[in-house]
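Notes follow once the structure below has been shown.
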Amino acid sequence: MTVDPRTPVLVGAGQASERIDRPGYRRLSAVELGAAAAREALADTGADPAAVATALDTVAGVRQFEISMPGVPSPLGRPDNYPRAVARRIGAAPRRAILDVVGGQSPQHLVNEIAAAIACGAARAALIVGGEAISTARHLAGAADRPDFTERVEGDLEDRGYGLEGIVSRSLAVHGLTGAPSQYALFDNARRARLGQTRDEYAAGMGALFAPFTKIAASNPHAAAPVERTAAELVTPSERNRVIADPYTRYVVAREKVNQGAAVLLTSVGEAERLGVPRDRWVFLHGHADLRERNLLERADLSVGPASRMAARHALDLAGVAAADLALIDLYSCFPIAVSNICEDLGLPMDGSRELTVTGGLPFFGGPGNNYSLHAVAEVVGRLRAQPGAYGFVGANGGLLSKYSAGVYSTTPSPWRPCRSTDLQSEIDSWPSVDHAAHPDGWATIETYTVTHARDGRRTGVIIGRLQADGRRFLARTAPADEETPALLTTSDPIGYRVHVHSDGNMNQASANRPR
């Protein structure tokens with residue numbers, strides 16, 4: 001078929017990694033890991049790498065972990081312009097440099113956005129790159145000979161900020177939802193209640209879902225934890241696999257101690273031809289979508305992520321394929337619910353009979369900050385070239401099941417198809433919101449919950465419930481001296497249980513017994 005020369009196409013992909021316990025460890029920074037991946041991507045085009053680098057008019061960086069929240073320390077220093085720091089190392093001088101917002105959706109979102117920019121003529125050649133040296137930063141933070149990753153780079157930067165509105169709040173932090181495990185545990189416990197499963201049944205399902213991921217990670221040279229594990233091993237508490245937040249043990253949550261970088265190159269078809277990129281390197285974006293969920297306490301059903309599901313379906317619909325047609329799938333897997341949420345909607349089996357990751361997933365391949373899905377895109381690009389005409393899907397999740405970006409890829413030439421994400425987002429924003437009480441008082445029932453487990457053995461219960469008086473939703477935690485309520489939450493099936501909640505105007509506390 002004849003393809004419009006402005007049609008966007010992925011022409012190169014690369015990955016880089018190192019582990020502190022492996023020979024040849026070089027103490028690379030996030031910039032150096034990103035640059036190493038970018039060099040791989042340039043070489044992967046099959047064209048002259050220097051010519052491709054010179055042609056880049058846009059470099060978009062995925063925001064690093066240490067600049068994803070206010071006040072996060074950088075024990076080894078950091079660059080002030082990540083995308084241009086990478087560009088400088090590969091001989092590129094782009095007119096535009098972007099640093100995207102926080103969230104695991106960012107890599108796929110940037111692919112979607114930049115592909116659209118190429119299609120309308122606003123760009124011709126772009127690099128999307130990200131890197132994390134979290135493991136190195138923690139390993140060398142106190143070393144006398146620690147490296148200094150501080151870097152000043154000239155040039156403008158389109159810094160889009162954190163983008164945390166509606167995801168991070170003082171109220172969530174006050175009530176114990178300071179980390180992703182406790183936040184996502186609320187969704188998985190709500191899903192268990194919806195399915196009517198016991199604790200053991202649900203744990204077995206999480207293990208069965210993720211055990212195949214470990215097999216794929218075990219054969220991936222870039223994986224941070226390349227160890228194949230059984231389903232039972234993943235969900236059975238042990239000294240090495242302690243409970244983090246009920247129902248999660250350490251083995252089923254994203255692994256952030258990694259040193260990994262990834263990069264992909266996009267050009268227009270016309271630019272790819274001008275640069276001499278062979279056609280067998282071209283991979284087209286057939287479908288795409290970017291949607292955002294309502295804020296946590298406003299959602300009608302905490303056991304599902306309807307906006308994420310809508311994004312996945314729309315990307316497939318735009319591509320004109322069904323989930324059954326996909327040869328490759330990578331579903332963002334920070335926690336089990338992020339995978340099962342999409343599988344339930346698309347009818348994908350969760351028993352290991354269908355591969356749901358191309359990398360090994362965030363708990364086993366590794367969770368490099370916001371950049372995981374760029375590794376998934378790089379893997380999909382490489383594998384699709386070996387399967388001409390096949391389709392691959394990447395689903396990227398950010399926030400608290402909050403932001404979802406999806407892409408459908410194939411070597412089959414395809415015209416650029418604008419998505420309907422704006423219209424669909426308007427529909428999502430119009431959904432009825434659940435009323436919630438900022439300062440609840442009275443008897444209530446538990447809607448969902450988790451219990452966080454500190455290393456010293458302290459347990460804190462976090463509860464989302466409904467007031468019996470008027471049905472309003474509330475968020476509360478257990479008091480520090482309350483040992484009875486966390487024990488109840490961890491040894492029974494507490495959803496639907498009666499609790500008493502009260503507020504001091506700053507914090508809401510819930511207990512199994514009415515305070516005297």
Within 6.0 angstrom of E355 CD, more than 12 heavy atoms from elsewhere: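 It does not: E355 CD has 12 such atoms or fewer within range.
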[X] vs [Y] side-chain heavy atoms within contact, under 4.5 Å:
{"X": "S511", "Y": "V499", "answer": "no"}
{"X": "P440", "Y": "H500", "answer": "no"}
{"X": "E379", "Y": "N220", "answer": "yes"}
{"X": "L400", "Y": "L177", "answer": "no"}
{"X": "I244", "Y": "T249", "answer": "no"}
{"X": "R19", "Y": "V258", "answer": "no"}
{"X": "L331", "Y": "I329", "answer": "yes"}
{"X": "Y332", "Y": "L362", "answer": "yes"}

Please check: side-chain N/O of [X] versus main-chain N/O of [Y], any donor-acceptor pairing under 3.5 Å?
{"X": "H375", "Y": "A263", "result": "no"}
{"X": "R313", "Y": "D317", "result": "no"}
{"X": "Q425", "Y": "R292", "result": "yes"}
{"X": "S503", "Y": "H439", "result": "no"}
{"X": "N508", "Y": "H502", "result": "no"}
{"X": "S426", "Y": "T422", "result": "yes"}
{"X": "H314", "Y": "R420", "result": "yes"}
{"X": "R458", "Y": "H453", "result": "no"}
{"X": "E256", "Y": "A254", "result": "no"}
{"X": "D100", "Y": "L110", "result": "no"}

Sidechain N-carboxylate O distance under 4.0 Å for [X], [Y]:
{"X": "E201", "Y": "R199", "answer": "no"}
{"X": "E165", "Y": "K403", "answer": "no"}
{"X": "D493", "Y": "R192", "answer": "yes"}
{"X": "R191", "Y": "E344", "answer": "yes"}
{"X": "R294", "Y": "D429", "answer": "no"}

Can [X] and [Y] be counted as having a side-chain donor-acceptor contact under 3.5 angstrom?
{"X": "S74", "Y": "E66", "answer": "yes"}
{"X": "N370", "Y": "S106", "answer": "no"}
{"X": "N189", "Y": "Y202", "answer": "no"}
{"X": "S303", "Y": "D301", "answer": "yes"}
{"X": "T452", "Y": "R459", "answer": "no"}
{"X": "T136", "Y": "N259", "answer": "yes"}
{"X": "Y184", "Y": "N397", "answer": "yes"}
{"X": "Y248", "Y": "D188", "answer": "yes"}
{"X": "Y372", "Y": "D330", "answer": "yes"}

Measuring from [X]:[atom1] to [Y]:[atom2], what's the distance to the nearest 0.5 Å?
{"X": "Y404", "Y": "N341", "atom1": "OH", "atom2": "CG", "result": "8.0 Å"}
{"X": "I342", "Y": "S333", "atom1": "CD1", "atom2": "OG", "result": "12.0 Å"}
{"X": "I20", "Y": "H139", "atom1": "CD1", "atom2": "NE2", "result": "4.5 Å"}
{"X": "S402", "Y": "N295", "atom1": "OG", "atom2": "CG", "result": "7.5 Å"}
{"X": "N112", "Y": "S405", "atom1": "CG", "atom2": "OG", "result": "6.0 Å"}
{"X": "L316", "Y": "H288", "atom1": "CG", "atom2": "NE2", "result": "12.5 Å"}

Lys/Arg cation over aromatic W443: R498, 6.0 Å, 45° cone: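 Yes, a cation-pi geometry holds between R498 and W443.
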CA sep, side-chain torsions, deciding dist, call: T198, D200, side-chain hydrogen bond (donor to acceptor under 3.5 Å, both in side chains): CA-CA 5 Å; T198 66; D200 288 344; 5.5 Å; no
Taking all heavy atoms of [X] and all of [Y], pick out the closest pair and write down the distance.
{"X": "V62", "Y": "G130", "value": "CB-CA, 4.2 Å"}
{"X": "S421", "Y": "C419", "value": "OG-SG, 3.1 Å"}
{"X": "H175", "Y": "A476", "value": "CD2-CA, 3.9 Å"}
{"X": "P212", "Y": "A208", "value": "CD-O, 3.1 Å"}
{"X": "L384", "Y": "G392", "value": "CD2-N, 3.9 Å"}
{"X": "L186", "Y": "T450", "value": "CD2-N, 3.9 Å"}

Among T485, L488, I463, L489, the one residue meeting side-chain contact (heavy atoms from CB on, under 4.5 Å) with Y497: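 Only one option passes, and that is L488.
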Partner of S17 under side chain to side chain donor-acceptor pair (under 3.5 Å), chosen from H222, Q260, E132: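 It is H222; the other options fail the test.
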Residues D159, I98; criterion side-chain contact (heavy atoms from CB on, under 4.5 Å); working and verdict: CA-CA 6 Å; D159 188 338; I98 301 167; over 6 Å; no
Evaluation steps, side-chain contact (heavy atoms from CB on, under 4.5 Å), between F213 and V252: CA-CA 10 Å; F213 284 53; V252 298; over 6 Å; no
Intermediate values then yes/no, side-chain contact (heavy atoms from CB on, under 4.5 Å), Q108 and L285: CA-CA 11 Å; Q108 182 61 53; L285 185 62; 4.2 Å; yes
Within the 6.0 Å centroid threshold, strictly below: F210 and F364: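 When the ring centroids of F210 and F364 are compared, they turn out to be within the sub-6.0 Å range.
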Proximity of H286 and Y391 rings by center, below 6.0 Å: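 Ring centroids of H286 and Y391 are less than 6.0 Å from each other.
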Among R466, R472, R473, the one residue meeting salt bridge (Lys or Arg N to Asp or Glu O under 4.0 Å) with D470: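 Testing each of R466, R472, R473 against D470, the sole residue satisfying salt bridge (Lys or Arg N to Asp or Glu O under 4.0 Å) is R472.
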Y409 and V111: CA distance, side-chain angles, deciding distance, side-chain contact (heavy atoms from CB on, under 4.5 Å) verdict: CA-CA 11 Å; Y409 299 86; V111 171; 3.5 Å; yes
